[in-house]
Amino acid sequence: MPFFREKAKQEARESQMSIEKTYDPSAVETRLYERWEKSGAFACDVHSKKEPYCIMLPPPNVTGSLHMGHALINTLQDILIRFQRMKGKDVLWQLGTDHAGISTQLVVERQLAAQGLDRREMGREAFLKRVWAWKEESGGTITKQLRRLGASGDWSRECFTMDEGLSRAVTREFVTLYNEGLIYKDKRLVNWDPKMLTAVSDLEVESKEVKGHLWYFNYPIEGSDEWITIATTRPETMLGDTAVAVHPENEKLKHLIGKQVKLPLVGRLIPIIGDDYADPEKGTGAVKITPAHDFNDFEVGKRHNLPMINIFDQHAKLNEEAPQKYRGLDRFVARKKIVEDMEALGLLDKIEDHIHAVPHDEKTKTVVIEPFLSEQWYCDVRGMADQAVKAVREGKTQFVPKQWENTFFAWMEDIRPWCISRQLWWGHQIPAWYGSDGKVFVAESDEEADTQAEKHYGKKTALTRDEDVFDTWFSSALWPFSTLGWPDKTPELARYYPTDVLMTGFDIIFFWVARMMMMGLHFVGDVPFRKVFISALVRDEKGQKMSKTRGNVIDPLDVIEKYGCDALRFTLANLSTPGRDIKLSASRIEGNRNFVTKLWNAARFCQMNGCEWIEGFDPYKVMGDPNAQTTNKWIIHSLRHEWSLITSCLEDFRFDLASSRMYGFVWNIFCDWYLELSKPILSGDDEKAKRETQETVAWVLGQIFHLLHPVMPFVTEELWGKFTGSTDMLMTRAWPDYSNDVKDFEAVDEIEWLISLVNDIRTVRAELNVPAGAQIPLQVKGASDETKARFERHAAIIARLARLSGVTHVDAVAKGSAQSVLGEATLILPLAEIIDLDSERARLKKEGEKIAAEIKKLDAKLGNKDFIDRAPPEIVEEQRERRAEAEAILARLEAAQKNLAG
RNA sequence: GGGCGCUUAGCUCAGCGGGAGAGCACUUCCUUGACAUGGAAGGGGUCACAGGUUCAAUCCCUGUAGCGCCCA
């Protein structure tokens with residue numbers, strides 16, 4: 001009994017260790033993620049002696065879900081995080097979510113609407129309770145998804161922008177800026193969302209080309225029979241006109257300046273003014289001026305001291321400033337009515353079709369945003385913007401790719417005061433209180449405001465708090481330091497700020513990056529990040545933007561389910577060429593899933609062949625051993641080379657190049673050649689060579705796991721465990737460092753020769769339709785002693801890979817043989833019996849033509865005196881060598897043709 | 001209108017001042033003891049167009065065209 005029990009135990013152990021035939025990503029991914037997270041390996045260590053490395057996750061909307069753009073940006077961040085962690089840094093990937101004022105409120109309002117409820121009827125408190133409930137309910141979605149993606153961030157430090165600490169930071173921000181005179185209240189035109197009933201910033205407005213009309217109205221000139229014709233895209237706003245403008249140098253119209261027109265439908269007398277804004281080339285040369293409903297007109301109005309007549313209420317319905325018959329009408333209903341009425345009065349000159357840009361809300365893209373006169377809080381960011389520009393110009397923060405700096409500069413240099421108040425309920429309520437006389441008290445708390453008021457009024461006074469909340473970006477602007485504990489002077493802030501890299505999409509350079517730069521410099525005194533990496537936009541395979549309305553959204557989780565997380569991560573990394581959008585196609589992901597499978601099977605092969613990982617294996621010993629296998633020296637040399645390239649690609653954010661190199665190395669070097677070359681040794685009798693090869697194979701495979709881990713964390717971790725039996729986690733192991741520069745160009749030469757040899761023979765065989773299974777003899781003519789030695793050393797490999805029955809060195813070529821040229825030697829396949837002479841002739845002819853063309857090109861170059869005189873000598877020499885080689889090959893190809901001709 | 005980017009194999013894209021590359025797709029062959037999610041071989045490109053710089057341009061410069069994005 002004990003014996004069987006022992007045996008069963010041992011078998012169990014073995015099956016747990018051994019690599020199964022197929023890889024099941026979803027089971028493995030979930031298990032490994034839990035293991036990583038439980039181990040505490042994601043957490044930073046503020047007391048660590050290691051160098052810190054920090055990335056702030058751009059906080060996704062708390063109630064949102066992961067889309068492909070998130071998948072991309074978070075994959076790239078995780079690659080850097082894992083890479084730097086392995087490189088021995090104390091890594092902090094700060095995670096968290098954003099309350100996303102408008103979006104979240106919009107979602108909840110819609111939910112309410114579906115139940116026939118309205119937030120106004122519920123009241124602020126009940127509504128907010130509802131939003132918090134929704135946040136609790138859906139807030140976990142995105143974080144679960146991040147986990148599914150393999151994100152190795154520090155969950156223990158997860159933040160939410162409306163957490164107490166972060167809220168305190170926002171209050172401090174506002175109060176400080178207010179006390180510095182950088183925040184003020186002002187009544188001016190804002191972009192108004194008449195559906196959400198809030199101001200929005202310029203950035204939150206999206207222009208859409210809309211087919212509309214240009215209406216030409218005749219405005220009668222007072223005291224004459226004449227009229228002046230104006231063109232407008234918004235007839236309804238005429239009710240708020242307070243002037244008509246013409247260009248002061250407009251020859252045809254300038255005589256009218258100073259006269260008045262009687263505004264139709266209203267009867268108000270308004271002046272005709274001269275202003276450059278009226279372009280004589282555009283429309284009729286005369287424009288109506290409606291200062292309260294157009295940003296340009298607002299400026300004209302200010303220049304000419306025109307009254308501002310606001311004809312809309314907050315729903316963009318006509319108010320009591322409009323004539324009785326229009327009051328209460330929606331702006332678009334009023335538009336129609338006014339056009340009809342103007343026509344009835346005979347004042348409608350004509351209507352033209354007109355395509356023009358109409359501002360829409362950027363969330364739903366359905367509501368037309370209205371320029372609307374209202375009182376809002378503004379932040380004067382001019383000075384801070386200058387500081388931010390200066391920091392970037394000085395290279396304190398660098399954009400990658402660099403061209404985005406221009407975008408940043410362009411916007412910063414043209415920056416306008418930032419409207420920071422929103423008429424929403426979900427968000428940070430503005431810490432401003434008003435006395436009954438309207439006096440403002442800005443303070444960090446109720447109590448402080450009361451104290452201020454008491455001081456001011458000389459007695460306790462009841463205050464009312466401002467109902468508005470801040471623009472969401474007013475709080476996210478603090479993210480790089482509010483998450484680290486600011487305004488307190490925490491050890492985290494001291495250690496991780498400035499952060500190393502910020503990764504984000506170009507679409508929020510203005511919204512977010514610019515504002516973090518400004519606030520970081522202003523409040524912490526240094527840039528918030530050293531590098532800003534701007535990622536590509538993920539499109540569908542036709543190059544269209546993914547959007548719900550188009551229905552072309554690829555859900556990253558579906559992809560992960562189908563192909564595994566590593567395949568998706570690898571694909572995203574591989575496609576992210578700087579400065580180019582990503583067109584994501586299923587075939588690409590599938591191809592990379594196959595890569596994962598390839599790696600899996602390669603590891604399985606290695607394990608089946610007794611290649612056991614030896615901790616502490618010393619590759620330099622193999623390199624220094626004159627009797628070591630050339631294949632092993634070659635692969636060690638190649639791996640070291642690959643390591644240095646992959647490392648520098650990752651350091652340069654070239655995820656595309658890094659992943660391509662990984663793919664090429666694993667598949668085309670390691671699997672296609674190294675493992676194939678190793679097979680005869682692994683199954684041979686030379687115990688020393690076998691052991692050395694087993695060890696080297698295992699070592700190289702282990703290094704591959706390390707190098708691939710940042711991009712493909714799951715399959716590498718799983719294989720690491722299964723292959724090495726190690727209880728260490730790969731994710732916390734050190735990134736390889738082969739600072740000892742091992743090189744062996746002789747081994748490289750030899751293996752490259754070997755590969756060419758096998759390729760040449762395979763080509764001849766395939767083109768001459770030699771049956772794949774047939775073992776044929778090879779004769780070699782003109783081989784040097786070195787080449788002969790190589791044939792000797794690799795006899796088994798050559799026979800196996802080229803399917804040869806044997807190799808002999810000869811002095812003459814048998815009639816009717818197929819021939820190929822390799823270096824100084826001629827390869828002869830005496831196949832007179834089986835080959836098709838015509839196809840061999842055709843093959844040789846084609847080869848010859850190729851070479852001849854090359855010689856011709858080289859001759860032209862070398863015959864050019866300027867080239868000889870002016871090109872660098874080594875280039876000239878290189879071309880000469882190339883020509884000599886080509887010449888030799890051509891000669892032997894011609895000999896082969898002759899031999900065939902018989 | 002201003003700015004930026006792109007144009008390389010059928011498709012998606014690397015690359016780069018001196019020999020045109022990958023993946024996918026395609027054709028032919030192969031179930032050879034890791035892998036058919038695989039192996040082997042092959043076809044396929046005036047590197048958008050026109051000028052310029054250079055001994056040499058797919059690459060640098062200028063212009064043109066087409067496409068895309070951002071801003072107004």
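Order of the sequence lines sets the chain letters (A, B, ...), proteins ahead of strands, with each chain counted from 1. Source: prediction; values computed, not measured.
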- Query: When rounded to the nearest 0.5 angstrom, what is the spacing between CZ in A:R515 and CH2 in A:W473?
  - Reply: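 Output value for this atom pair is 8.0 Å.
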Write down the protein N/O and nucleotide N/O pairs, taken from nucleotides 70-72 of chain B, whose separation is under 3.5 Å; answer none if there are no such pairs.
none

Any side-chain heavy-atom pair from [X] and [Y] closer than 4.5 angstrom?
X      : Y      : result
A:N609 : A:V697 : no
A:V596 : A:M712 : yes
A:R654 : A:P578 : yes
A:T571 : A:I582 : no
A:I646 : A:L650 : yes

- Task: Establish, for the pair A:R393 and A:F409, whether the NZ or CZ atom is under 6.0 angstrom from the six-membered ring centre and no further than 45 degrees off its axis.
- Result: yes
- Message: Taking the cut-offs as 6.0 angstrom to the six-membered ring centre and 45 degrees off its axis, would you call A:K679 and A:F605 a cation-pi pair?
- Response: yes
Heavy atoms from C-beta onward define the side chain here; which of [options] lies closest to that of [X]?
X      : options             : result
A:K857 : B:A20, B:A34, B:A14 : B:A20
A:K583 : B:G19, B:C35, B:U12 : B:U12
A:F867 : B:U37, B:G18, B:A34 : B:G18
A:Q403 : B:A34, B:U37, B:G5  : B:G5
A:K598 : B:C35, B:C55, B:A14 : B:C35

What interatomic distance, in whole Å, is found between [atom1] of [M] and the corresponding atom of [N]?
N     : M     : atom1 : value
B:C67 : B:U8  : C1'   : 16 Å
B:U62 : B:C6  : P     : 13 Å
B:C13 : B:U58 : C1'   : 15 Å
B:U53 : B:G42 : P     : 42 Å
B:C59 : B:G15 : P     : 15 Å
B:G21 : B:C26 : P     : 23 Å
B:G5  : B:G39 : P     : 40 Å
B:U7  : B:A50 : C1'   : 15 Å

- Kindly state which residues belonging to residues 868-876 of chain A come within less than 4.0 angstrom of RNA chain B, counting heavy atoms of the residue only, listed by number.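 Within residues 868-876 of chain A, the residues near RNA chain B are A:R870, A:A871, A:P872, A:I875.
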- A:K679 vs B:U32: side-chain N/O to OP1/OP2 distance below 4.0 Å: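 It does not, given that no N or O in the side chain of A:K679 lies less than 4.0 Å from OP1 or OP2 of B:U32.
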Scan [X] against the nucleic acid and name what it touches under 4.0 Å (heavy atoms): base, sugar-phosphate only, or nothing.
X      : value
A:L657 : sugar-phosphate
A:R803 : base
A:C606 : nothing
A:E676 : base

- Task: Name the residue closer to the 5' end of RNA chain B, choosing between A:T577 and A:E878 according to the nucleotide with the nearest heavy atom.
- Result: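 It is A:T577 whose nearest nucleotide is closer to the 5' end.
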- For RNA chain B, whose closest nucleotide is more 5', that of A:A602 or that of A:Q879?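 Counting from the 5' end, the first nearest nucleotide belongs to A:Q879.
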How many Å lie between [atom1] on [X] and [atom2] on [N], as a whole number?
X      : N     : atom1 : atom2 : result
A:K861 : B:C55 : NZ    : C1'   : 10 Å
A:E590 : B:C11 : CD    : C1'   : 15 Å
A:R604 : B:A36 : CZ    : P     : 9 Å
A:D866 : B:C55 : CG    : C1'   : 5 Å
A:K402 : B:C4  : NZ    : P     : 15 Å
A:R654 : B:C13 : CZ    : P     : 15 Å
A:R580 : B:C4  : CZ    : C1'   : 15 Å
A:F570 : B:U12 : CZ    : C1'   : 15 Å

Does [X], at its [atom1] atom, have more than 12 non-hydrogen atoms belonging to other residues, nucleotides or ligands within less than 6.0 Å?
X      : atom1 : answer
A:E612 : CD    : no
A:D685 : CG    : no
A:K690 : NZ    : yes

- Query: Of all residues at least two apart in sequence or in a different chain, which pass the ring-ring contact (aromatic ring centres under 6.0 Å, His included) check with A:F298?
  - Reply: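 Counting only residues at least two positions away or on another chain, A:F298 forms no ring-ring contact (aromatic ring centres under 6.0 Å, His included).
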- For A:D656 and A:S576, does a side-chain donor sit closer than 3.5 Å to a side-chain acceptor?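 There is no such pair (donor and acceptor under 3.5 Å, judged by atom type) between the side chains of A:D656 and A:S576.
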- Message: Under 6.0 Å between ring centres: does that hold for A:F533 and A:F655?
- Response: yes
- Tell me whether the centres of the aromatic rings in A:F506 and A:W404 are closer together than 6.0 Å. yes
- Donor-acceptor pair, side chain of A:R580 and main chain of A:L537, under 3.5 angstrom: no
- Item | Dot-bracket encoding per residue of RNA chain B, Watson-Crick/G-U cut-off under 3.5 Å, | denoting interstrand | (((((((..((((....[..)))).(((((.......))))).....(((((..]....)))))))))))).
- Task: Assign a letter to each nucleotide of nucleotides 22-29 of chain B from its 5' end: B, base within under 4.0 Å of a protein heavy atom; S, sugar-phosphate only; -, no contact.
- Result: -SS-----
Could you write out each protein N or O paired with an N or O of nucleotides 40-46 of chain B at a distance under 3.5 Å?
residue: B:A41; atom: OP1; partner: A:N759; partner atom: OD1; Å: 3.0
residue: B:G43; atom: OP1; partner: A:K846; partner atom: NZ; Å: 3.2

- Salt-bridge contact A:K722-A:E20 (side-chain N to carboxylate O under 4.0 Å): yes
- Item | SB check A:E370 A:R234 (cutoff 4.0 Å) |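 Yes, charged N to carboxylate O under 4.0 Å.
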- Item | For A:L708, the option from A:F665, A:F595, A:Y663 that meets side chain to side chain contact (heavy atoms under 4.5 Å, CB included) | A:F595
